[in-house]
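These notes concern the structure reproduced below.
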Amino acid sequence: MAKTQLGARVDDEVAELAKARAKDRGLSVGDYIAALVREDTDGLRARGLEAARRFLDEHQALFDEAEDADRAAPGAPAA
C-alpha cells in the first residue's frame with residue numbers, strides 16, 4: 001500500500017504520549033496514528049448505523065402505514 005507523509009505540530013506532552021503509547025502497542029508513531037484514525041472512523045460508522053437502527057425502531061410503524069396506504073389506494077402510481 002502506498003504511504004503518504006503527513007506533518008503535524010503538537011505540544012511536547014502530546015508527542016511524548018504518542019511515542020509512549022505507540023511503543024506500548026509495538027507500533028511506530030505513524031502506525032499508531034493510523035490505527036487511531038481507523039478506530040475513530042469505524043466508530044463513527046458504527047454510531048451512525050446504530051442511530052439509523054434506533055430511528056427505524058421508533059418510526060417503523062409510520063413507514064408501514066404509509067406503504068399500506070399506498071397499496072390500498074386504487075391506481076396509485078408506483079414509487
inquiry  = Test of understanding: with side chain to side chain contact (heavy atoms under 4.5 Å, CB included), list the residues that count as partners of L44, not counting sequence neighbours.
reply    = D40, R47

request  = Only counting residues at least two apart or in another chain, list the ones meeting side chain to side chain contact (heavy atoms under 4.5 Å, CB included) with R53.
outcome  = E50, D57

request  = State which residues pass salt bridge (Lys or Arg N to Asp or Glu O under 4.0 Å) with D64; sequence neighbours excluded, sorted by chain then number.
outcome  = none

message = As an exercise, state the distance from CD of E65 to CD of Q60, rounded to the nearest 0.5 Å.
response = 10.5 Å

Distance-only donor-acceptor pairs under 3.5 Å for side chains of residues 20-38, two or more places apart:
unit_1	atom_1	unit_2	atom_2	d
R25	NH2	E39	OE2	3.2
S28	OG	D31	N	3.0
S28	OG	D31	OD2	3.4

task = Kindly state each residue pair satisfying salt bridge (Lys or Arg N to Asp or Glu O under 4.0 Å) with at least one member in residues 5-20, sequence neighbours excluded.
result = E16-K19

query = Which residues pass the ring pair (Phe, Tyr, Trp, His ring centres under 6.0 Å) test with F63, sequence neighbours left out?
reply = none

task = Start with the C-alpha distance between D68 and R71, add both sets of side-chain angles, then the distance that settles side chain to side chain contact (heavy atoms under 4.5 Å, CB included), and finish with yes or no.
result = CA-CA 5 Å; D68 291 344; R71 283 190 206 112; 3.1 Å; yes

key: SB check E58 R54 (cutoff 4.0 Å)   = no

